[in-house]
A.B. asks: 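Quick one: structure below, then a few questions.
Letters A, B, ... mirror the listed sequences (proteins, then strands); counts begin at 1.
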Amino acid sequence: MPELPEVETIARGVDKRARGDRIVQVWFDHHPQPFKTPRARQARGLTGRTILAVHRTGKHIVFELSSSGSTPDAQWIVHLGMTGRLLVTTPDGPVAPHTHARLTLASGRELRFVDPRRFGRLEFRDLHRGTVFGAPGDEPLTIGEREFAALFRGRRLYIKAALLNQTLLAGVGNIYADESLFHAGIRPRRRANRLTRAELDRLRIALHEILTHAIRLGGSSVSDYVDADGERGFFQLEHCVYLRTGEPCRSCQTPIRRVVVAGRGTHYCPKCQQ
DNA sequence: CATTTCACCTGGTGGC
DNA sequence: TGCCACCAGGTGAAAT
C-alpha cells in the first residue's frame, strides 16, 4: 500500500520521465470510481497541457500543468489508494489489467494509471477557477517539535489511530505507523494525549528517520508496489514489526504480536514497546 | 466537535 | 480440483 515513501519515489520517477512533456491524448476506461472530477472535464483539461513538474503532497501525486508558458494554470492530482500504480511506458508495451487511464505524451511515451481495487482517485483542478491543492495534514518530514506535540494535545484516541489520521499528519499509513512506534518504543494503544514530551519527540524523530531511509531504498514492496519504472523497493527487508507476527523481535527476540487497532492490523513488540 | 463504524473494491487465502 | 465465504486496508460519508 503506497504511503509517503512509495508516493515520493513514484512522484520523483514520473517527474524525471515526464517533466516538460505535453499530453496530446487522453483515454479513460468506463469505471466511474476513480474520477473525483467528471471524466469528460478531466480529459478536456488534461489534453494539450504541458507537465511542468510532478511532486508529492501527503499521499497525493500532484502534476503542475500549463497550457502555455512556465506558470501552472491547472493541476492533476493522483491518489493511488491501496493498489494504484503510475507507470511511464512505451506505447506498445502490454497494457496491464485494470488500467483505467492512458495519457499519450508528445515524446511518444505513455503515462498509465493501473488500480485493481479502484480505491485510487483522479482529480483535475483549473487554477483559474479554484485554489491550489494542499493536503490537510502537516508533513512528517518537516514538522518541528512544538507543532508535532500540539497535534496530539487533548486527543484521547489511540496513538496508532492518530498517526493514520491524514488531517493531523499527511502521508503516514499502516506500515510506517507500526514501524515508527516500534522505533520510538511506544505501544500502539497508548492514548495520544498521554504520551510524554520525550516520547512524542522520540516518535517524531523515529518517523523522520524511517521515512527518509525508506525513500532512499525506494519504498516498501509489500503486495505488489512498484515505482514509475516498474521496479520494486527494498525497505520491506528492514521492517522490524510490520507483517512479522510471531517472528522474533530484531532487538530482543520476543515474538512480535498482532492486534487490531482502529480497524487495522497492528504489529508491535510487547517487550520493547511499553 | 471528536471519534467510531461502514461501504467501496479485488485478489488472495483457507475450508470443504 | 473447484467453489465460495471471508478479509485486508485508505478514505470519506454516515452514525454515534
A.B. asks: Testing L163(A), I186(A), I159(A) one by one against S180(A) for a side chain to side chain contact (heavy atoms under 4.5 Å, CB included), which residue passes?
C.D. replies: L163(A)
A.B. asks: Both F119(A) and L157(A) contact DNA chain B. Taking the nearest nucleotide for each, which residue is further toward the 5' end?
C.D. replies: L157(A)
A.B. asks: Quickly work out the F35(A) CZ to dC9(B) P distance and round it to whole Å.
C.D. replies: 14 Å
A.B. asks: If you check the R155(A) side chain, which of dC8(B), dT11(C), dT3(B) turns out closest?
C.D. replies: dT3(B)
A.B. asks: Could you check whether any side-chain N or O of R202(A) sits under 3.5 Å from a backbone N or O of L181(A), counting only pairs where one atom can act as donor and the other as acceptor?
C.D. replies: no
A.B. asks: How many Å lie between CZ on R191(A) and P on dT3(B), as a whole number?
C.D. replies: 9 Å
A.B. asks: Taking only the side-chain heavy atoms of R117(A) (C-beta and beyond), determine which of dC8(B), dG11(B), dG10(C) contains the nearest atom.
C.D. replies: dG11(B)
A.B. asks: Measure the acute angle between the ring planes of H100(A) and H98(A), then classify it against the limits of 30° and 60° as parallel, tilted or perpendicular.
C.D. replies: tilted
A.B. asks: Rounded to the Å, how far apart are D178(A) CG and dA8(C) P?
C.D. replies: 14 Å
A.B. asks: Check the distance between dG9(C)'s C1' and L164(A)'s CG and give it to me in whole angstrom.
C.D. replies: 10 Å
A.B. asks: Expressed in angstrom and rounded to an integer, what is the separation of K59(A) atom NZ from dG9(C) atom P?
C.D. replies: 12 Å
A.B. asks: Could you go over nucleotides 12-16 of chain C and give all protein N or O partners under 3.5 Å, atom names and distances?
C.D. replies:
none

A.B. asks: With distance as the sole test, does R264(A) use its side chain to make a donor-acceptor pair with the main-chain N or O of V260(A) at under 3.5 Å?
C.D. replies: no
A.B. asks: Against the six-membered ring of F35(A), is R39(A) placed for a cation-pi contact (under 6.0 Å from the centre, within 45° of the normal)?
C.D. replies: yes
A.B. asks: Taking C-beta and beyond as the side chain, do I215(A) and L4(A) meet within less than 4.5 Å on heavy atoms?
C.D. replies: yes
A.B. asks: Does Y158(A) make a side-chain N or O approach to OP1 or OP2 of dA2(B) shorter than 4.0 Å?
C.D. replies: no
A.B. asks: Classify the nucleic acid contact of R156(A) as base, sugar-phosphate or nothing, counting any heavy atom under 4.0 Å across all strands shown.
C.D. replies: sugar-phosphate
A.B. asks: Would you find more than 12 non-hydrogen atoms of other residues, nucleotides or ligands less than 6.0 Å from R194(A) atom CZ?
C.D. replies: no
A.B. asks: Closer than 4.0 Å, any side-chain N/O of H79(A) to the OP1 or OP2 of dT11(C)?
C.D. replies: yes
A.B. asks: Think Q166(A) has a side-chain N or O under 4.0 angstrom from the OP1 or OP2 of dT11(C)?
C.D. replies: yes
A.B. asks: Can you tell me how far C1' of dG10(C) sits from CG of L169(A), to the nearest Å?
C.D. replies: 16 Å
A.B. asks: Rounded to whole angstrom units, what separation is found between the CZ atom of R258(A) and the P atom of dA8(C)?
C.D. replies: 6 Å
A.B. asks: Please report the distance, rounded to the nearest Å, between CG in L122(A) and C1' in dT11(C).
C.D. replies: 15 Å
A.B. asks: Answer with base, sugar-phosphate or nothing: what part of the nucleic acid does G120(A) contact at a heavy-atom distance below 4.0 Å?
C.D. replies: nothing
